[in-house]
Undergrad: 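Shown below is the structure under consideration.
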Amino acid sequence: MENRLFDTTVQQLKYEVIKELIKAYDKGLTNDIYHDIPIAIMPGPKASLRCCVYKERAILQERLKMAMGGDKNNPNVVEVIDIACDECPVDGIFVTPACRGCISHRCAEVCPKNAITIEDKHAVVDKSKCIECGKCTQACPYNAIILQKRPCVLSCKAGAISVNSDKKAVINNDKCVGCGACVYQCPFGAIADKSYILDVLDILKNSENNTKYKVYAIIAPSIVAQFNYARIEQVITGMSELGFFQVIETALGADMTLNLEADELKEHGTLTTSCCPSFVKYIQINFPDLAKYISSTPSPMVMTGKLIKKLEPTSKVIFVGPCSSKKFEFELDIAKDYIDSVISFEELQAFLDARNIDVSTLKDTALDNASYFGRIFARSGGITEGVTALAKERGFEAKPVAMSGLDECKKQLLLFKAGRSPFNFFEGMACDGGCVNGALCLHHGPKSLTDVNRYGAEAKEKTVDNTVKLYDMAGAGKSEDGTAKDEAAAALEKKNK
């Protein structure tokens, strides 16, 4: 299976399923897809990834269900595909063959539960006593004892994943923050995000080429680091060919979010950002006493949708981004009136390929909606850079900290809760490095950071001032005849020409 676009074969499989589903939609969906699509992807007769081709196809049927929206009774956007989850060893402390049977027995001496005994000059772990504290792994001079965790468990910094008696991964929805780290890290693709691609296809189809209502795509700024075989301006043209009336930078909403969060920080003195919904949810679940410090300003996605809905009340807005957290955010009360659906970069690539659109061959469509600050929201530290600049302009001191990944968020929030933090502005990103490393990106790596910094530097707007003016012009009641609103709509459209 050729993999020219993605980091992993699991991503490639997800892409193939989505692509085939879109092709089937265009022909008219029938129940035959559950038979035809798995065979199209895994024709056999020999298996290439699993024990047999029949199991491969059975798993693809489950992936197809996820591509069609998953379990409607499960509110989580991330689910376990049970049939795919059967290859990982059980977690726990293991003694490897590297054990030399030394006579110091440091492993047994440090064990607080006396779970290690020496039998036939070899360390043995009693799993019924072991609490997996890891002290023995540190004490062994040969590194012969290891604490092994499943990749999904290890990747979940929210502690939401466990293993049941059937040795299957289980997600605790009360703890899950929807970041999708487990989706990307599971080597067998046994954890997957739901897709809303069918909803998006319906929205586009029912618009009748944007005559009944206009369909806008708003793209996360991290998109600039994704389609590395083409220019971002070519990708915008490709999205227009998919049927979107206009493509808008979500960085435009980031400008508005930054402006309002700077005002909030000045007024309240201490603030945590609202941009990453998984970070917000992490605070609400694990640090409820700190929830009062969460910014009341909507995220850049919501702010962009809000602007478009002000200008075009009947329009539909589709967010295209790097993460699964936006897939649960758009259904929250704060977002549901402004965002109609969400797809990932992975799904956008499948959409383009299903319609045989090679964006690398297309002409450019200019994209110039946002400022430098809005565009660098895609990386960790971008928000702190922006709020520091605005605080200086507005005559107050911002002492920000950029928290990259939930481990760092936990560390800083614990200090904050204990009253020992020197900071007054907390930028939290659930993904290490920020949105450029979102779980549903096509690929990940240091080049993504370079791409985002370059993209920010290319912005014609260097401050958020013009974005704020645009949002104010779009506001209801600015003029009885709607002149200001019309001017705002014209200004927004002009930026893409």
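What you see is a predicted model; the values in this text were computed from it and never measured.
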Undergrad: Suppose we screen for salt bridge (charged side-chain N to carboxylate O under 4.0 Å, His left out). Which residues come up paired with K65, at least two apart in sequence or across chains?
TA: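 Applying salt bridge (charged side-chain N to carboxylate O under 4.0 Å, His left out) to K65 gives E62.
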
Undergrad: Given 3.5 Å as the limit, does a donor-acceptor pair link the side chain of D120 with the main chain of H122, or not?
TA: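 It does not hold such a pair.
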
Undergrad: Is the side chain of S324 donor-acceptor paired with the backbone N or O of G180 at a distance under 3.5 Å, no angle test?
TA: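 Judged by distance alone, yes, a pair lies under 3.5 Å.
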
Undergrad: Rounded to the nearest 0.5 Å, how far apart are OG of S222 and CG of D451?
TA: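 The OG atom of S222 sits 11.0 Å away from the CG atom of D451.
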
Undergrad: Counting only N and O atoms by type, is there a donor-acceptor contact under 3.5 Å from the side chain of D166 to the main-chain atoms of K168?
TA: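 A pair under 3.5 Å: no.
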
Undergrad: List the steps and the verdict of side-chain contact (heavy atoms from CB on, under 4.5 Å) for V170 and V80.
TA: CA-CA 7 Å; V170 177; V80 177; over 6 Å; no

Undergrad: Indicate whether the side chain of E261 and that of T297 have a donor and an acceptor atom separated by less than 3.5 Å.
TA: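 T297 and E261 do not have a side-chain donor-acceptor pair below 3.5 Å.
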
Undergrad: Show every salt bridge (Lys or Arg N to Asp or Glu O under 4.0 Å) that has at least one partner inside residues 21-40, sequence neighbours left out.
TA: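 Residue pairs with at least one partner in residues 21-40: E20-K23, D26-R355.
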
Undergrad: Can you give me the closest heavy-atom contact between Q61 and P38, atom names plus distance?
TA: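 Looking at all heavy atoms of both residues, the closest pair is CG-CG, 3.7 Å.
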
Undergrad: Could you list the residues that satisfy side chain to side chain contact (heavy atoms under 4.5 Å, CB included) with P277, not counting sequence neighbours?
TA: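 Only S325, K326, F328, E329 meet the side chain to side chain contact (heavy atoms under 4.5 Å, CB included) criterion with P277.
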
Undergrad: For the pair Q11 (side chain) and C441 (backbone), establish whether a donor and an acceptor sit closer than 3.5 Å, ignoring hydrogens and angles.
TA: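 Answer holds: yes.
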
Undergrad: Carefully, step by step, assess N173 and N76 under the rule side-chain hydrogen bond (donor to acceptor under 3.5 Å, both in side chains).
TA: CA-CA 7 Å; N173 288 352; N76 202 335; 2.9 Å; yes

Undergrad: Please report the shortest heavy-atom distance between M303 and G253, naming the atom on each side.
TA: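 Shortest heavy-atom separation between M303 and G253 comes out as CB-O, 3.8 Å.
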
Undergrad: Yes or no on side-chain hydrogen bond (donor to acceptor under 3.5 Å, both in side chains) for Q412 and S421, after CA distance, side-chain angles and deciding distance?
TA: CA-CA 7 Å; Q412 293 296 338; S421 176; 4.6 Å; no

Undergrad: Which residues pass the salt bridge (charged side-chain N to carboxylate O under 4.0 Å, His left out) test with E385, not counting sequence neighbours?
TA: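 Only R379 meet the salt bridge (charged side-chain N to carboxylate O under 4.0 Å, His left out) criterion with E385.
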
Undergrad: Please report whether the ring centroid of F330 lies less than 6.0 Å from that of Y338.
TA: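 Between F330 and Y338, which both carry aromatic rings, the centre distance is not below 6.0 Å.
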
Undergrad: Check the surroundings of atom NZ in K417: do more than 12 heavy atoms from other residues, nucleotides or ligands lie under 6.0 Å from it?
TA: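 Open: at most 12 neighbouring heavy atoms sit under 6.0 Å from NZ of K417.
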
Undergrad: What residue among L332, V177, N286 forms side-chain contact (heavy atoms from CB on, under 4.5 Å) with K281?
TA: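 Only one option passes, and that is V177.
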
Undergrad: Which value, rounded to the nearest 0.5 Å, describes the distance between K19 atom NZ and I197 atom CD1?
TA: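 Spacing of NZ (K19) from CD1 (I197) equals 14.0 Å.
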
Undergrad: From I248 CD1 over to I318 CD1, what is the distance, rounded to the nearest 0.5 angstrom?
TA: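 Between atom CD1 of I248 and atom CD1 of I318 there are 13.5 Å.
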
Undergrad: Would you please classify the geometry between the Y184 ring and the H444 ring as parallel, tilted or perpendicular, with 30° and 60° separating the classes?
TA: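 H444 vs Y184 ring planes: tilted.
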
Undergrad: Please assess F227 against Q349 for the test side-chain contact (heavy atoms from CB on, under 4.5 Å), listing each intermediate value before the final yes or no.
TA: CA-CA 9 Å; F227 296 83; Q349 182 66 68; 3.2 Å; yes

Undergrad: Who are the salt bridge (charged side-chain N to carboxylate O under 4.0 Å, His left out) partners of K336, not counting sequence neighbours?
TA: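 In terms of salt bridge (charged side-chain N to carboxylate O under 4.0 Å, His left out), with neighbours along the sequence ignored, K336 is linked to D333.
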
Undergrad: Taking NZ, NE, NH1 and NH2 as the nitrogens, is one of them in E109 or R106 under 4.0 Å from a carboxylate oxygen of the other?
TA: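 No salt bridge links E109 with R106.
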
Undergrad: Would you check if the distance from the ring center of Y293 to the ring center of F416 is below 6.0 Å?
TA: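 Ring-ring flag for Y293/F416: true, centres closer than 6.0 Å.
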
Undergrad: Less than 4.5 Å apart, side chain to side chain, heavy atoms only: is that true for V359 and T237?
TA: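 They are not in side-chain contact.
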
Undergrad: If every non-hydrogen atom of D358 is compared with every non-hydrogen atom of T361, which pair is closest and at what distance?
TA: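 Scanning both residues, the minimum pair turns out to be O-OG1, 2.7 Å.
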
Undergrad: Kindly write out the residues that satisfy side chain to side chain donor-acceptor pair (under 3.5 Å) with D340, not counting sequence neighbours, or none if the list is empty.
TA: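 Applying side chain to side chain donor-acceptor pair (under 3.5 Å) to D340 gives K309.
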
Undergrad: Looking at residues at least two apart in the chain, or sitting in another chain, which of them share a side chain to side chain contact (heavy atoms under 4.5 Å, CB included) with V53?
TA: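 V53 satisfies side chain to side chain contact (heavy atoms under 4.5 Å, CB included) with M42, E56, R57 once adjacent residues are dropped.
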
Undergrad: Please tell me whether F6 and Y15 form a close aromatic pair, meaning their ring centres lie under 6.0 Å apart.
TA: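 Close enough - the centres of the two rings lie under 6.0 Å apart.
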
Undergrad: Less than 4.5 Å apart, any side-chain heavy atom of F377 and any of C435?
TA: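 Answer no - side chains too far apart.
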
Undergrad: Before we go on, tell me: are the rings of F245 and Y216 under 6.0 Å apart, centre to centre?
TA: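 They qualify: ring centres under 6.0 Å apart.
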
Undergrad: Is there a donor-acceptor contact under 3.5 Å linking the side chains of S360 and Q234?
TA: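 The answer is no; no qualifying pair exists.
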
Undergrad: Any chance you could measure C130, atom SG, to L147, atom CG, to the nearest 0.5 Å?
TA: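 It comes to 8.0 Å.
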
Undergrad: Atom OH of residue position Y54 - does it have more than 12 heavy atoms of other residues, nucleotides or ligands inside 6.0 Å?
TA: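 It does not: Y54 OH has 12 such atoms or fewer within range.
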
Undergrad: Could I get the full list of side chain to side chain donor-acceptor pair (under 3.5 Å) partners for S162, not counting sequence neighbours?
TA: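 For S162 there are no side chain to side chain donor-acceptor pair (under 3.5 Å) partners, ignoring immediate neighbours.
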
Undergrad: What residue pairs, at least two apart or across chains, pass salt bridge (Lys or Arg N to Asp or Glu O under 4.0 Å) with a residue in residues 221-234?
TA: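 As it turns out, the salt bridge (Lys or Arg N to Asp or Glu O under 4.0 Å) pairs with a partner in residues 221-234, which skip direct neighbours, are R231-D364.
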
Undergrad: Got a donor-acceptor contact below 3.5 angstrom from the R50 side chain to the I59 backbone?
TA: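 Pair absent, no side-chain N/O of R50 close to backbone of I59.
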
Undergrad: Drop me the distance from E427's CD to S404's OG, to the nearest 0.5 angstrom.
TA: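 Interatomic distance, E427 CD to S404 OG, rounded to 0.5 Å: 8.5 Å.
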
Undergrad: So how far is it from F188 CZ to I83 CD1, rounded to the nearest 0.5 Å?
TA: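 Here the interatomic distance stands at 13.5 Å.
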
Undergrad: Identify, with sequence neighbours excluded, every residue that meets salt bridge (charged side-chain N to carboxylate O under 4.0 Å, His left out) alongside D407.
TA: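 Testing D407 for salt bridge (charged side-chain N to carboxylate O under 4.0 Å, His left out), a comparison that skips the adjacent residues, returns K157.
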
Undergrad: Enumerate the residue pairs fulfilling salt bridge (Lys or Arg N to Asp or Glu O under 4.0 Å) with a member in residues 187-206, sequence neighbours excluded, ordered by first and then second residue.
TA: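 The answer is K14-D193, E79-K194, D193-K327.
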
Undergrad: Without swapping roles, check the side chain of S344 against the backbone of E347 for a donor-acceptor pair under 3.5 Å.
TA: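 Yes; judged by distance alone, with no hydrogens or angles, the pair exists.
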
Undergrad: Might you work through the side-chain contact (heavy atoms from CB on, under 4.5 Å) test for I219 and V235, ending with a clear yes or no?
TA: CA-CA 11 Å; I219 54 172; V235 177; over 6 Å; no

Undergrad: Given side-chain contact (heavy atoms from CB on, under 4.5 Å), test I376 with I383 step by step and report yes or no.
TA: CA-CA 7 Å; I376 64 170; I383 305 172; over 6 Å; no

Undergrad: So if I apply the side-chain contact (heavy atoms from CB on, under 4.5 Å) rule between I218 and each of V320, I339, L252, V342, which one comes out positive?
TA: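 That would be I339.
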
Undergrad: State whether the number of non-hydrogen atoms from other residues, nucleotides or ligands found under 6.0 Å of K149 atom NZ is greater than 12.
TA: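 Open: at most 12 neighbouring heavy atoms sit under 6.0 Å from NZ of K149.
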
Undergrad: Report, one line per pair, each donor and acceptor closer than 3.5 Å where one atom sits in a side chain of residues 93-102; sequence neighbours left out.
TA:
residue: T96; atom: OG1; partner: A98; partner atom: N; Å: 3.2
residue: T96; atom: OG1; partner: A144; partner atom: O; Å: 2.9

